[in-house]
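All ligand and atom numbering here is 1-based and tracks the order in the structure. Since the structure is predicted, the reported quantities are computational estimates derived from the model, not experimental observations.
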Amino acid sequence: MKFLSFLLLFISSVYAVEVEKLPWPKGESFLTFLEANKIPQKLYYDLDKEAKELCSEIRAGIQYQQLKNENGELLQVLIPISEEMQLHVYQEENSYKFDLKPIIFEEIIDTIAIPIKYSPYQDILAHTGNAKLANEFLRAYSKSVNFRGMQPGNYVALKYKQRIRMGQYYGTPQIISAMVQVHKRKFFVFKNEKDGRFYNEKAKSLTSYFFKTPVRYSRISSKFTYKRWHPVLKRYRAHLGVDYAAPRGRHIYAAADGKIVFRGRKGGYGKVIEIQHKHGYKTLYAHQSRFRGGLRRGSKVRKGQHIGYVGSTGVSSGPHLHLGLYKNGRAINPLKIIRVTKTKLKGTAKKKFIEYTKVLSKELLDTIKSNPKPLKLEPIDAKTILEA
Ligand SMILES: [Zn+2]
């Protein structure tokens, strides 16, 4: 008995300094988290506007990691806000500090060819163990090709980028090019890096899905930046959206058809509406003075529908609309997507793109002949590992 109690004490003292991985609770904000851990709120209020906005990027359910001492005092916490960056709060000389820390991963490019036995989804999954890749493949074709005509022995081939962390798949893979054989025909898709859209070998866009600028603005007061190292401040900075300066009260419109998935306050972003769209896109409209009446969570909205009014709620130096755009939960530059309004490339852009697709098509077809073994890893469950 004496031995057992000694053992329990030993285990608990070991566990007390172990890193805990926890899902971020629903309804928890950065401020309530500080409060719960008896960390002075001054830490948050002293942050600049950009960093305060990033604190509002924390999503419920995300895996965060913390380290506490035996008295339950928080020593360190890492909270991912994107696939690439995490908020870091840590104790140093009896006070708490804040910084933004990059998440470390490697990125590989793989080209694979898979003979079909059941369906593209099942066979990609069986060969790679990568469900997100199988999903992205279907999304790339977004029902433009009917896979039912496929016969056993037909091939799918694809080239993609995948992030890997601790020997596991990390984040959403990015398809660069793909081919699917249906009976005797071959259907290709190619990602255009300039606008993030898929095109065919004739440089014709495969989705006629466009976003509208959601406000009549006077100027863009802040652009999108992802993980920028500031040489003077010697720290990372980021702005996960675009700021449109516009007078208070000006109408805000839905950038595309979709469904409202959030309507309420969100820390530094103030009054926020989030709309889920097709193809894995989501938009976020921050700092609103008020919402348009009659809309709630779950409401369907049309592109161009009035949803709210420009304001400066949350942290904001003047009335503006902060627009965030996410693809599969990953922040992307809204301007890259919104400025695209054509379904066809023209002139030299078209010529260059067609040349590019020829190289990629050949590569896919060669891969079918050489038939290399696809990479197969486990998907990562925790988003990050503590490494400070
Ligand atoms: Zn902003």
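Residues passing the salt bridge (Lys or Arg N to Asp or Glu O under 4.0 Å) test with Glu201: none are found, sequence neighbours excluded.
When hydrophobic side chains of Ile, Leu, Val, Met, Phe, Trp and Tyr are connected at separations under 4.5 Å, Leu284 ends up clustered with Phe262, Tyr269, Val272, Tyr326.
Under the 3.5 Å distance criterion, with hydrogens and angles disregarded, no donor-acceptor pair is assigned to the side chains of Ser316 and His287.
Both the sub-6.0 Å distance and the 45° axial angle are not jointly satisfied by Lys132 relative to the ring of Tyr169.
For residue His239, an N/O/S atom approaches the Zn ion (ligand 1) to within less than 2.8 Å. The Zn ion (ligand 1) has no N, O or S atom of His320 closer than 2.8 Å. Among the backbone and side-chain atoms of Asp243, an N/O/S atom is found under 2.8 Å from the Zn ion (ligand 1).
Of all N/O/S atoms in His322, ND1 sits nearest the Zn ion (ligand 1).
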